[in-house]
Amino acid sequence: IFGPQCGYNRRDFLERLQKRGFFHGIQSERRQERYHRGHGQNLGPSHDSLCRKLATEFNRIVVSVDYRLAPEFKYPACMEDGNAAFKWVYENAESFGGIPEKIILSGDSAGATISASVCLSSINNRLPLPEGLVLFYGMYGAVDDNDSNSMTMFGNGEYVLPKKMSDWCMGLYIPDGTDTSDPYLYPGKADNFAGFPKTVIVTAEYDPLRDDGETFYKQLKESGCDASLIRADGMMHGFMLYWHRLDKAEEIISNIKELI
């Protein structure tokens, strides 16, 4: 569903998937960012405001894509939807003023995981790649919860996304008997990260997933990837949704703008 910012009033559907486009008024570069919203793989949408902000600040067309949710649709449904959506945007970018080779995949929380998984799938299947990734506080499986200091310190319920909540979401999402070393489920479990494009990883100081994200960053760097890490001091999981209230979120957006 394409929004009103650019004057478009057109509805489009990728099979069963809804998508919403956000266009800044000045489109000199006509680049795209495809955004996967977070909230686990089982909670509803809430990201219009952030997508509008990113479209304005980055002067990019932001295509926000829906995906099937657990428990009705378990893994790998949302990853399949992510791959299908990226293929659609790549093949149709020129029809709404975009450039296929200038797509950035982005998302927060579960959306960051989907974005990284889609990129990994594209590499392994020798499909077109995004120009870059911008990943906000995702769950990558790069470090086990029991080995994560941030999960130990911040996952007990005093902060956003306690471990019980995370485990509940993943219990609804992952089918019984699934191999949890599957790198498309947890991209941080991949054997090789060669081929990842330029990647910006954002973590939050008081996020239980902080160490997971920062370990994933190290994995990319050790594989020779062009990766940057931004830790948002004083912030918690989900803070980007409050960009209009938190100066730190505005600062992070400015920092990313310099990197992509």
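Residue numbers run from 1 in the order of the sequence given. Atoms considered below: every heavy atom in the structure, side chains included; atoms not considered: hydrogens, waters and symmetry mates. Since the structure is predicted, the reported quantities are computational estimates derived from the model, not experimental observations.
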Novice: Hey, does Leu229 have a side-chain heavy atom less than 4.5 Å from the side chain of Lys221?
Specialist: no

Novice: Do Met235 and Leu246 have side chains that approach each other closer than 4.5 Å (heavy atoms only, starting at C-beta)?
Specialist: yes

Novice: Check step by step if side chain to side chain contact (heavy atoms under 4.5 Å, CB included) holds for His47 and Leu241.
Specialist: CA-CA 7 Å; His47 288 62; Leu241 293 177; 3.4 Å; yes

Novice: May I ask you to decide whether Lys218 forms a salt bridge with Glu214, counting only side-chain N to carboxylate O separations under 4.0 Å?
Specialist: no

Novice: Have Tyr137 and Asp212 got a donor and an acceptor in their side chains that come within less than 3.5 Å?
Specialist: no

Novice: Ignoring hydrogens and geometry, is there a side-chain-to-backbone donor-acceptor pair from Asn125 to Ser121 under 3.5 Å?
Specialist: yes

Novice: Please report the interatomic distance SG(Cys119) to CG(Leu133), rounded to the nearest 0.5 Å.
Specialist: 4.5 Å

Novice: Which atom pair, heavy atoms only, marks the closest approach of Met139 to Pro187?
Specialist: O-CD, 4.5 Å

Novice: Check Met240 against Leu50 and note the closest heavy-atom contact, atom names and distance.
Specialist: O-CD1, 3.8 Å

Novice: Any donor-acceptor pair under 3.5 Å linking the side chain of Ser228 with the backbone of Asp226?
Specialist: no

Novice: Any heavy-atom pair between the side chains of Tyr67 and Phe73 that's under 4.5 Å?
Specialist: no

Novice: Is there a side-chain contact between Thr178 and Leu185 in this structure, where contact means two heavy atoms from C-beta onward sitting under 4.5 Å apart?
Specialist: yes

Novice: I want to check something: taking the side chain as every heavy atom from C-beta on, are Lys257 and Phe58 in contact at a cut-off of under 4.5 Å?
Specialist: yes

Novice: Say whether, by atom type as modelled, one donor and one acceptor occur between the side chain of Ser166 and the main chain of Pro162 under 3.5 angstrom.
Specialist: no

Novice: Classify the angle between the aromatic ring planes of Tyr206 and Phe154 as parallel (below 30°), tilted (30 to 60°) or perpendicular (above 60°).
Specialist: perpendicular

Novice: Under a 3.5 Å distance rule, please check whether Ser122 uses its side chain to pair with a backbone N or O of Val118 as donor and acceptor.
Specialist: yes

Novice: Any chance you could measure Leu129, atom CG, to Phe196, atom CZ, to the nearest 0.5 Å?
Specialist: 9.5 Å

Novice: Might you work through the side chain to side chain contact (heavy atoms under 4.5 Å, CB included) test for Phe193 and Phe216, ending with a clear yes or no?
Specialist: CA-CA 10 Å; Phe193 300 94; Phe216 186 54; 3.6 Å; yes

Novice: Just verifying a value: how many Å separate Cys169 SG and Ile174 CD1, rounded to the nearest 0.5 Å?
Specialist: 10.5 Å

Novice: Membership question, hydrophobic clusters at under 4.5 Å side-chain separation (ILVMFWY): are Leu135 and Val143 in the same one?
Specialist: no

Novice: Starting at CD1 of Ile201, measure out to CG of Leu220 and round the result to the nearest 0.5 Å.
Specialist: 5.0 Å

Novice: Can we say Arg60 and Glu131 salt-bridge, meaning some charged N sits less than 4.0 Å from an Asp/Glu carboxylate O?
Specialist: yes

Novice: I'd like to know whether Tyr184 forms a side chain to side chain contact (heavy atoms under 4.5 Å, CB included) with Asn124, so could you lay out the CA-CA distance, the side-chain angles of the two residues, the decisive distance to 0.1 Å, and finally the verdict.
Specialist: CA-CA 11 Å; Tyr184 299 127; Asn124 291 343; 2.9 Å; yes

Novice: Between Ser115 and Ser106, is there a donor-acceptor pair closer than 3.5 Å when you use the side chain of the first and the backbone of the second?
Specialist: yes

Novice: Indicate yes or no: at least one non-hydrogen side-chain atom of Asp145 is less than 4.5 angstrom from one of Lys163.
Specialist: yes

Novice: Distance-only, no hydrogens or angles: does the Ser117 side chain make a donor-acceptor pair with backbone N or O of Thr113 under 3.5 Å?
Specialist: no

Novice: Any chance you could measure Phe136, atom CZ, to His237, atom NE2, to the nearest 0.5 Å?
Specialist: 12.0 Å

Novice: Where do Ala85 and Val65 come nearest, in terms of heavy atoms and distance?
Specialist: CB-CG1, 3.5 Å

Novice: Between the side chain of Thr203 and the main-chain N/O of Arg210, is any donor-acceptor distance below 3.5 Å?
Specialist: no

Novice: Is the number of heavy atoms from other residues, nucleotides or ligands within 6.0 Å of CG (Asp233) greater than 12?
Specialist: yes

Novice: Would you give the length of the straight line joining atom NZ of Lys248 to atom CD of Glu251, rounded to the nearest 0.5 angstrom?
Specialist: 4.0 Å

Novice: State, yes or no, whether a side-chain contact exists between Arg68 and Cys78 at a heavy-atom distance under 4.5 Å.
Specialist: no

Novice: Taking Asp207 for its side chain and Leu209 for its backbone only, find out whether a donor-acceptor pair lies under 3.5 Å.
Specialist: yes

Novice: Between Leu172 and Trp168, is a side chain to side chain contact (heavy atoms under 4.5 Å, CB included) present by the stated rule, with each step listed?
Specialist: CA-CA 6 Å; Leu172 293 176; Trp168 177 78; 3.4 Å; yes

Novice: If Ile, Leu, Val, Met, Phe, Trp and Tyr residues are connected whenever their side-chain heavy atoms lie under 4.5 Å apart, and connections chain through other members, are Phe239 and Met153 in the same group?
Specialist: no

Novice: Would you please classify the geometry between the Trp88 ring and the Phe96 ring as parallel, tilted or perpendicular, with 30° and 60° separating the classes?
Specialist: parallel

Novice: What are the two closest heavy atoms between Lys74 and Gly171, and how far apart are they?
Specialist: NZ-O, 4.0 Å

Novice: So do Pro130 and Tyr90 actually touch side chain to side chain, heavy atoms under 4.5 Å?
Specialist: no

Novice: Minimum heavy-atom separation for Ile123 and Ala194, please, with both atom names.
Specialist: CG2-O, 3.8 Å

